[in-house]
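Inspection log for the structure reproduced underneath, given as structure tokens.
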Amino acid sequence: MPIDIKQLSQAYQYLPDATGLVDDTGNILFINQAFAELIDADTRVTTQDSLAQVFLLRKSQSNDWQSLLNTAIDQSCTVEVVIANKSNHLVSCRLHLQSIVDEGRFVCFLARLSNKSINASLDENLTTLAYRDSLTGLANRYLFSQLFDHEISQSQRLNKRFAVLFLDLDKFKKVNDSMGHDAGDEVLCAVAERLQKSLRKSDLIARMGGDEFAIIMSNIKDSETVSKVSDKLIREIKKPVKSGANVMEVGCSIGISIYPDNALTAESLLQHADAAMYRAKHDGGNRYQFFSDALNQELNDIRVVEQELQQGLIDDQFVPYFQPVIDLRSNRVVGVECLARWKHPKRGVLAAVEFIDVAEKKGLIKDVFNQVLTQAFEQIDDWTLSLNERIPLSINISNKQFYQHNTFDLIDQLIAKYKVPSDAIRIEVTESTLQESETDLLEHLKRIKTSGFSITLDDFGTGYSSLRYLQQLPVDTLKIDRSFVRNLDNNPHDKIIVKAIIQLAETLGISVVAEGVETALQSEFLEQNKCFIMQGYFFSEPLSSNDFEAFIKSKPSLTK
């Protein structure tokens, strides 16, 4: 009578030794209770898994289970393996495989497991297996990948859900750059410790490299639980890390994908969590984001823009557009604001709002700024000759650029090259820029004033510290934000605010400009309240260099 698996299972069920049966492809057909207890698993859970899902081969041996199984058919073999138990502790074992043959026919492998390693030092130095991150002691990418597949197998069989969290530190590069890599390592270790304390022992935490971490939260009931845990992780990681006299602060962005809602494979789940993390970071960091199909499409669109931005810089697609600033008292153009535009080969001319944020996040804003500003200075130089008049140029400086010294180095170089008087340059900064860094603010404003540039406070009225800044800082001009001007025709509250800003500027001896003027009624109200300098579509939309010159020449009253 031929031997079958059921008979073998009954024979081995109550043996005191850890015993199992495995087919020729490595799928586990049966394990007894002793085997299950040794690997800290339920027999119902591990049966039908594969050896590759349950065990990790020692790195010094072949990582190909199938090759080992092929060899074991003809000759029994013993290999060193590692298992991660329910608490994700690594346990080293010895696995012996021996063929069971019936009348010359291979039936299955007899698998016997022992927790006595062939190599006595294995438990003392698991790093030789390269399964743990040497800095933090967390699982590394390789171990995470192996256990990830096992988690999918378990959850699929038991119809359970689990969450994948992809976590990236915010402001970590600043710590490394300002305090050195030793300080950065201390931060990483502190983060690893906080993650371990904040999560369940059954949750898997891995350092994927650099300042990236991945987490598997097994057997979750609902998304609300994941949200609460993510909030807790963000709070814990935001706490300062103290090292001697140094106090280091970072944050984190977390992306979340759910099995099986978002994907069925480890690769896709991790990609989706990474994509959601990217969005969380794009939105300012220190937050979490769940993956969705809509988010995926949006992020794909952003990635396309990133790639096209890089090509656009190579092809010189970024150009300046110019919007005139009009003084109604003399009916002349008294300045021009330089605005970045992208001559996209497929989408036409794009306004800055459609690409500036992506350029800043991708670190390309400096290159875009350089390309646009260089052409603007060339054009101003040409207009000086053709119009016999130098038109003051207003330059918008973003928050990040304002605090970078090379931003003003470039402006100084262009001024020297094109012999533009520094008082013909107006630097426009927003209130949010002035609130960004109290420490560096005065230093940079002093640099601007020393260079001879005037300072325009843009978007005035949208910040929270305007009066204090006007008292302390050398601001020359206020720009009334377009959000107040837009509703002057029908909103009495905006009329009151605009009147107050004009009166405040007059009291302090500061010039005032209204932007976003689109109707005759808006222009009349501003003029009646002694704001005479304006810009907006009522006078002209932003124009290409050729169109701007044509605009000037078609309206001689504006320049004479």
Side-chain angles (χ1 to χ4, degrees), residues 163-177 187 191 208-215 223 226-227 229-238 249-258 261-263 267-313 318 340 342 344 347 350-369 396-404 430 432-433 435-437 459 462:
V164 179
L165 281 64
F166 197 88
L167 184 153
D168 185 87
L169 298 184
D170 302 326
K171 302 179 182 178
F172 180 71
K173 185 177 184 298
K174 185 177 180 180
V175 172
N176 266 342
D177 291 346
V187 169
V191 168
M208 304 299 281
D211 60 341
E212 295 179 339
F213 299 82
I215 299 162
S223 298
V226 184
S227 295
V229 171
S230 298
D231 277 327
K232 181 180 181 181
L233 295 179
I234 291 170
R235 289 196 305 271
E236 289 300 313
I237 291 175
K238 279 183 67 175
E249 296 184 8
V250 296
C252 71
S253 301
I254 301 174
I256 305 163
S257 63
I258 306 293
D261 306 32
N262 299 136
E267 181 180 9
S268 295
L269 285 165
L270 199 58
Q271 286 177 351
H272 291 344
D274 185 27
M277 181 279 294
Y278 179 90
R279 179 51 190 266
K281 191 171 285 289
H282 187 269
D283 288 345
N286 271 326
R287 66 191 66 202
Y288 64 86
Q289 174 72 52
F290 282 89
F291 175 83
S292 67
D293 290 337
L295 170 64
N296 190 41
Q297 182 58 51
E298 183 180 344
L299 292 172
N300 285 337
D301 292 342
I302 290 175
R303 290 190 178 98
V304 170
V305 172
E306 289 176 352
Q307 295 169 357
E308 292 179 340
L309 274 170
Q310 293 172 326
Q311 188 61 44
L313 287 166
F318 297 93
W342 182 4
H344 195 283
R347 299 169 60 194
L350 303 181
V353 68
E354 298 194 51
F355 62 87
I356 285 297
D357 283 348
V358 178
E360 285 193 335
K361 297 292 189 306
K362 193 65 178 176
L364 298 174
I365 188 64
K366 175 186 172 183
D367 296 326
V368 172
F369 180 78
N396 290 290
I397 306 294
S398 70
N399 291 19
K400 290 184 178 180
Q401 289 174 295
F402 182 79
Y403 293 102
Q404 294 173 350
T430 63
S432 59
T433 298
Q435 296 167 24
E436 184 78 16
S437 174
D459 301 336
T462 59

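Only heavy atoms go into these numbers, but all of them, side chains included; no hydrogens, no water, no symmetry mates. Along the sequence shown, residues carry numbers from 1. All values reported here derive from a predicted model rather than from experimental measurement.
When all heavy atoms of Val226 and Ala163 are compared, the closest pair comes out as CG2-CB, 3.9 Å. Taking both residues in full, the closest heavy atoms of Ser253 and Met277 are given as O-CG, 3.4 Å, listed atom of the first, atom of the second, then distance. The two residues Lys238 and Gly251 make their nearest non-hydrogen contact at CG-CA, 4.4 Å.
Taking Lys174 as the reference, nothing meets the side chain to side chain donor-acceptor pair (under 3.5 Å) condition, with sequence neighbours excluded. Residues passing the salt bridge (charged side-chain N to carboxylate O under 4.0 Å, His left out) test with Lys173 are Asp177, sequence neighbours excluded. With sequence neighbours left out, Arg279 forms a salt bridge (charged side-chain N to carboxylate O under 4.0 Å, His left out) with Asp283, Glu298. Not a single side chain to side chain donor-acceptor pair (under 3.5 Å) links Gln310 to another residue, sequence neighbours left out. Judged as a side chain to side chain donor-acceptor pair (under 3.5 Å), and not counting sequence neighbours, the contacts of Glu308 are His344. Partners of Val250 according to the side chain to side chain contact (heavy atoms under 4.5 Å, CB included) rule, which considers only residues two or more places apart in sequence or in another chain, are Val175, Val187, Ile237. For the salt bridge (charged side-chain N to carboxylate O under 4.0 Å, His left out) test, residues two or more places apart in sequence or in another chain that qualify with Asp170 are Lys281. Under the side chain to side chain donor-acceptor pair (under 3.5 Å) criterion, Glu249 pairs with no residue, sequence neighbours left out. Remark: Glu212 pairs with no residue by the salt bridge (charged side-chain N to carboxylate O under 4.0 Å, His left out) rule, at least two apart or across chains. Under the ring pair (Phe, Tyr, Trp, His ring centres under 6.0 Å) criterion, Phe166 pairs with no residue at all, not counting sequence neighbours. Under the rule for a ring pair (Phe, Tyr, Trp, His ring centres under 6.0 Å), the partners of Phe318 that lie at least two apart in sequence or sit in another chain are Trp342, Phe355.
Remark: the Asp293 side chain and the Gln297 side chain contain no N/O donor-acceptor pair separated by less than 3.5 Å.
Below 30°, between 30° and 60°, or above 60°: for Phe290 and Tyr288 the angle between ring planes is above 60°, a perpendicular geometry.
Using a 4.5 Å heavy-atom threshold, the side chains of Lys232 and Val229 count as separate.
With Ile256 as reference, Ser230 is the one residue of Ser227, Ser223, Ser230 to meet the side chain to side chain contact (heavy atoms under 4.5 Å, CB included) rule.
A donor-acceptor pair under 3.5 Å is formed between the side chain of Asn262 and the backbone N or O of Ile258.
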In residues 362-369, what donor-acceptor pairs under 3.5 Å come from side-chain atoms, sequence neighbours left out?
none

